[in-house]
Amino acid sequence: MTKMLEAKGLTKVYHMGAEQVHALRGVSFTVESREYIAIMGPSGSGKSTLLHIVGCLDRPTSGELAIEDRDVRKATDNELAEIRNRKIGFVFQTFNLLPKATALENVELPLIYAGVRRRERRERAAAVLERVGLADRMGHRPSELSGGQRQRVAIARAIVTEPAFILADEPTGSLDTATGAQILDLFAELNSEGNTILLITHDEAVAARAQRVIRLLDGRIVSDTGGSEVRA
Amino acid sequence: MNLGETIRSAVWSLQSSKLRSFLSMLGIIIGVAAVVGIVSIGLGAQTSVLDMVSALGSNLIMISPAPTLGRGGSVSADPRDVFTVQLAQHMQERSPGIKLVVPLVQGSGLLIYGGSNLRSTVVGTTPAYTEVTNYKVRAGRFLHDLDLEHQTQVMVLGSRVAERLFGQANPVGEQITYVVGDRRYSFTVVGVMESKGQVLMGNYDNQVYIPLTLAMERILRTKTVSTLMAQAASAEAASEAVQQAEFLLYSRLGTADGFNVTSQDEMLETMGDVAFTLQLMLGAIGGISLVVGGIGVMNIMLVSVSERTREIGTRKALGAKQRDLLLQFIVEALVLSTSGGAIGLLVGTAVAEGVSRFGGWPTKIQVSALALAFGFSALVGLVAGVYPAMRAARLDPVVALSYE
Ligand SMILES: Nc1ncnc2c1ncn2[C@@H]1O[C@H](COP(=O)(O)OP(=O)(O)O)[C@@H](O)[C@H]1O
Ligand SMILES: [Mg+2]
């Protein structure tokens, strides 16, 4: 297995006026290709902060981070944008779809920034929408879709660029249990098709579907179980 | 993300909120329409005023007395007294720059023919009048030297006068009664002039022309004339001619104050200057409304950036670079302002057309004015778009994504 991601001693300090908030206090772990990892922890434990740093949306205060063996600490903002575009697929709790764009247009969006031509974009976006079971909803706007359907559009958007890994921050957090379960089925399928997934949740039942569970508390990893090696 | 893609997505994004896009364009639409409309009307007015000056005649110099106030108890000579036929002859003979001098007297009175009558301006003048004013005879003839010599009671009609008194009929040979005060004179119509239309200081078509000698001695009973119309020997000689006329009057009057000598070129220049200044002022007002329109666009772009903070965060998460977002919002502002500009061009042109068609005002649509107004609207959009676009581009993606 190849190393998709390697984090060493990541810290993140937020300055709130005179006060400092230590969101991460030295987080180290590696992610191998095709892993399905759940990141758990109580609210405020630093899960989202970690995901943002790993997803190159934010920079750590200190520590090392390599994505597919590339050191991203020295990358410029433009290079980080490119990494987000090519290597990472984000799925958010609140979907973050463009409200006035159709499902198809939403899925096309990352391909626009990747410089893919219009025709190819259409085809690829349509193919992944079909893959997530929305072949008949491509022309619908988010407001015309159910929560589960919206999250499927967001997942289609995340995988359309064939990223190195999918980062999902509480993807079932605003869905009912049954719909959430269907979304988790989809993640499981995508994982079995070869996608690497990091998924944040505070729901044990959700975490149970992942192979490996990393638990955070107060900005530190307190346990890391189920991986191919013993880690914690 | 290339430019074509960016423009397409800007148009798309503006189309998805049509009413707001239209409202924010309104300022630009009004601004551009105002500039185009005002400048077209101004240019039309300028052109027609200049045409009116040109229609006065060729290489014309207008010479008239300008009575001054007597100063501090001393009685000053009335400059009108020196404006005589002798002065006109003298001027014509002694000034090499001047080819012709035509004296004019004017009075008003009632013309009666059959059952109709008409109040009209009666001009007493000499045969050279037609040459100085570039005025053509349509039927019959103009005044002759013999008419002046014998003070014959003949009259030449301006085209409007002929039309209103005679309709379609030929007036030549008919008798007209001219009533001034309690006196009545009978005139034979010997000619009708072609239409000249509006000129700067009146309308030739509404006047009638009679021999100068008759007008001065028997009708108006005056020894002085009201105006001298001189024709310079050539266009090049015009300023020389003006100086010679001024010198002659100065030597007669002993002062440079009692008269006005104005060449046609000077009139054109003054009128042109006035029209230009007016147009500049009106154009500036239009320009200010464009700037106000630009503030409207900037405002709407700022609102749009803050409303779409989450969208901006999402786009960044999906791989948009700073310059993609910078371009996106600048292009949106540009599309907004240039669409407004294009609509404004149409509205302004339509207004100018309407004014000339229904209001009877002359207008002139100049491509350079259209281009300038449109270019200015694009510039306004660019300037209005840069700051909001920079705000969008610089947003921290994490903050933007968690924005409520
Ligand atoms: N932008 C920020 N500024 C200041 N503090 C922050 C910011 N983002 C997160 N935090 C703080 O960092 C800690 C970790 O937050 P977060 O990663 O969102 O936790 P989780 O996702 O596990 O709930 C919390 O104490 C939170 O208040
Ligand atoms: Mg969180």
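All values below were derived from every heavy atom in this structure, side-chain atoms included, with hydrogens, water molecules and symmetry-related copies excluded. Everything numeric in this text was worked out from a predicted model, so none of it was measured. Proteins get letters first, then strands, A, B, ... in listed order; numbering begins at 1 in each.
Against chain B, the residues from residues 83-110 of chain A that qualify, each with a non-hydrogen atom under 4.5 angstrom away, are A:R84, A:N85, A:F90, A:F92, A:T94, A:N96, A:L98, A:K100, A:A101, A:E105, A:L109, A:P110 in number order.
The environment of CZ in B:R8 is crowded: more than 12 heavy-atom neighbours from other residues, nucleotides or ligands sit within 6.0 Å. Within 6.0 Å of NE2 in A:H22 there are more than 12 heavy atoms belonging to other residues, nucleotides or ligands. The environment of CD in A:E19 is sparse: at most 12 heavy-atom neighbours from other residues, nucleotides or ligands sit within 6.0 Å. Atom CZ of B:R394 has 12 or fewer heavy atoms from other residues, nucleotides or ligands within 6.0 Å. Other residues, nucleotides and ligands contribute more than 12 heavy atoms inside 6.0 Å of the OH atom of A:Y14.
Using a 4.5 Å cut-off between heavy atoms, A:R121 contacts chain B through its side chain alone, with no backbone atom that close.
Taking each heavy atom of B:A320 and A:A81 in turn, the nearest pair found is O-CB, 3.8 Å.
Of the inter-residue distances, the one linking A:Y113 atom OH with B:R315 atom CZ reads 4.0 Å to the nearest 0.5 angstrom.
Your options are B:L318, B:D396, B:V398, and the one with the most heavy-atom pairs under 4.5 Å with chain A is B:L318.
Within the 4.5 Å cutoff, side-chain heavy atoms of B:Q322 are placed close to those of A:D77.
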